[in-house]
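Since the structure comes first, as C-alpha cells, the remarks are kept for the end.
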Protein chains: 2
Amino acid sequence: MAGTKEILKRVSIDLFYKKGYFATSISDIARAAGIQKSSIYYHYATKEDILLDILRSTLADLIVTIERVLETTAGSENRMRQAILAHTLFHLDRQKEVIISDSELRGLRAENYKDIIKMRDEYEHRFQALIKDGMSDHIFQNGDFKIISYAVITMCTAPCWWYRPHGRLDKQAIAGIYTDFIMAGLTGNQRSTGAKSTRKGRR
Amino acid sequence: MAGTKEILKRVSIDLFYKKGYFATSISDIARAAGIQKSSIYYHYATKEDILLDILRSTLADLIVTIERVLETTAGSENRMRQAILAHTLFHLDRQKEVIISDSELRGLRAENYKDIIKMRDEYEHRFQALIKDGMSDHIFQNGDFKIISYAVITMCTAPCWWYRPHGRLDKQAIAGIYTDFIMAGLTGNQRSTGAKSTRKGRR
DNA sequence: GTCTATAGATGGATAGAC
DNA sequence: GTCTATCCATCTATAGAC
C-alpha cells in the first residue's frame, strides 16, 4: 500500500490541479514524490500517461457512481434529482481530479483524447436519457434535451471551481441549491424555498 | 491598420484557444504571424504580456456590453433577462477570447492575476445586484444570490465551449434557450415553450 | 526499483546589425 | 521595426550502474 505509483499519481493530481498539466514538469513531480525524475519512467512511460491514468480513473468512478444511483431510484423526476445530486457531490468530493478532467484534455494526443471523449459522451448520454424521459412523461417542460443536458451538467460541475472545504456552505447545501434550481428550470414549478432535499442512502 | 501588434494579438488568440497558453511557444506565434520570434519582443515585453492584453481587452469589452444593456433597460425581471442574453451572446460572439479568459488565468503572475480577478469580480457583482433586486421585488424566488449568480454565469458561459458556427442552432436560438431556462429557475414560473424571447435594440 | 549522468530538443529572451 | 545569431535555462526522456 502507498506504492510509488500511487504516490506519483497523488502528487500529480495535486500539481496538475495547482499549476496545470503543461506548467508541471517531470522534475516537479519527482521532487514532490521524493524520488529522482528518472525513476518516474519505471512506473509511467510518459508524462501524458500519468494524465491519462488520472482522467480514466476519475471518469470511470463518476460513471459507476451515477450507475448505482440510477439502479436504485425510480420515477423520472426523482431519478433526475438524485442524478444531479450525485453528479454535484462527486464533483465536490473529487474537486482536483474533475478540474483536471475539465481543463487538461489538451494534454492528450489524438488517440487518447478520443478515448476520454468517448467515456465522457457515454456519461452525458445518461443525462440526456433522463431529460428525455422526463419530457415524455410530461414532468419536464419540452425543449432541446441535448442543449439542456449540456447546461445542466456544466452548471452542476461549476461549484467544484469555487468550493472551499471550510467555506460558508457545505457540500450538501451547495448540491441542494443547485439541484433545486435545476429542477425548477426543468419542471417550471416553484422551488422548495429551503434546500433540504431528502436524499436517500449513499454516502 | 492591421499593424504587427494587432496581427500578433490575433494569431495568439487563435493559438492560445487551439493549443492552450503553455503549449503555445513564442516560435509558434512568430511562425503564424510570419515574422521572426525576436521581433515579437519589440511589441510585447514577455509572452505573459500578450496573454494579459487579450484578457484585459476581452473583459473590458464584456463590461461595456453589459453596462449598455443595463443603461437602457428597466424592471428587475427584464433587466436580468436582457443581461443574461447579452452575456450569452457575447460569449458566443467572442468564443475564442472568452475560452482563453476562462482557462488560462494560471499563465499570469500574482500581480496580473489579481488585476484580472478584480475586473471579473466587478462584472459578477452586476449580476449579483440584479438577482438581489429581483428577490427584493419578489419576482425571483429567495435564495443565496451569490451562489445563484455563480450558477447563472457559469451556465451561460458554457455554450461557448461547444458552439460551432454552422451547427444545428444559431447563437440567438442558443441564447434564447438558456435565458428561458435560467428565468424559469429564478422565478419558478412556467417557461415560454418557444424560445423566441423579444429582445430590444442592440445588435 | 531507484540511482547518477546526460543526451537532445526546445523554451523564453537578449545583443546588435541594418 | 525587423533581422540573424546566440545565450542559457529547462524540458522530456534514455543509458547504464547498483
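By convention in this document, chain letters (A, B, ...) are assigned in the order of the sequence lines, proteins followed by strands, and residues within each chain are numbered from 1.
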(Q) Output the rounded distance in Å from CG (A:Leu8) to P (C:dG1). (A) 12 Å
**Q.** Ionic contact status for A:Arg79 with A:Asp133, cut-off 4.0 Å
**A.** no
Q | Salt-bridge contact A:Lys5-A:Asp53 (side-chain N to carboxylate O under 4.0 Å) | A | no
Q) Just how far, in rounded Å, is P of C:dG12 from CZ of B:Arg31? A) 11 Å
Could you tabulate the donor-acceptor pairs under 3.5 Å formed by side-chain atoms of residues 112-120 of chain A, not counting sequence neighbours?
from: A:Asn112; atom 1: ND2; to: A:Glu48; atom 2: OE2; distance (Å): 2.8
from: A:Asp115; atom 1: OD2; to: A:Arg56; atom 2: NE; distance (Å): 3.3
from: A:Asp115; atom 1: OD2; to: A:Arg56; atom 2: NH2; distance (Å): 2.8

Q. Taking only residues two or more places apart in sequence or in another chain, which ones pass side chain to side chain donor-acceptor pair (under 3.5 Å) with B:Asp170?
A. none
**Q.** Atom pair distance, as rounded to whole Å: CD1 in B:Ile50 and P in C:dG12
**A.** 10 Å
Q: Rounded to 10°, tell me the angle between the two end axes of the helix from C:dG1-D:dC18 to C:dC18-D:dG1, each built from five pairs.
A: 0°
Q) In whole angstroms, how far is the C1' atom of D:dC3 from the CD1 atom of B:Ile40? A) 13 Å
Q) B:Asp28 and B:Ser25: side-chain donor and acceptor closer than 3.5 Å? A) yes
Can you give each donor-acceptor pair under 3.5 Å made by side-chain atoms of residues 100-107 of chain A, sequence neighbours left out, with the distance rounded to 0.1 Å?
from: A:Ser101; atom 1: OG; to: A:Glu97; atom 2: O; distance (Å): 2.8
from: A:Ser103; atom 1: OG; to: A:Ile99; atom 2: O; distance (Å): 2.6
from: A:Glu104; atom 1: OE2; to: A:Tyr21; atom 2: N; distance (Å): 3.0
from: A:Glu104; atom 1: OE2; to: B:Arg106; atom 2: NH2; distance (Å): 3.0
from: A:Arg106; atom 1: NH1; to: B:Tyr17; atom 2: O; distance (Å): 2.9
from: A:Arg106; atom 1: NH2; to: B:Glu104; atom 2: OE2; distance (Å): 3.0

Q) What's the spacing between B:Asp180 CG and B:Tyr178 OH if we round to 0.5 Å? A) 12.5 Å
Q. What is the distance from CG of B:Leu51 to P of C:dG12, rounded to the nearest Å?
A. 13 Å
Q.
Please encode protein proximity along nucleotides 4-15 of chain D as a string of B, S and -, counting only heavy-atom distances under 4.0 Å.
A. BB-----SBBBB
Q | B:Asp49 CG to C:dG12 C1', straight-line distance once rounded to whole Å | A | 13 Å
Q.
Suppose the criterion is side chain to side chain donor-acceptor pair (under 3.5 Å): which pairs have a residue in residues 149-161 of chain A, not counting sequence neighbours?
A. A:His87-A:Thr157, A:Gln128-A:Ser149
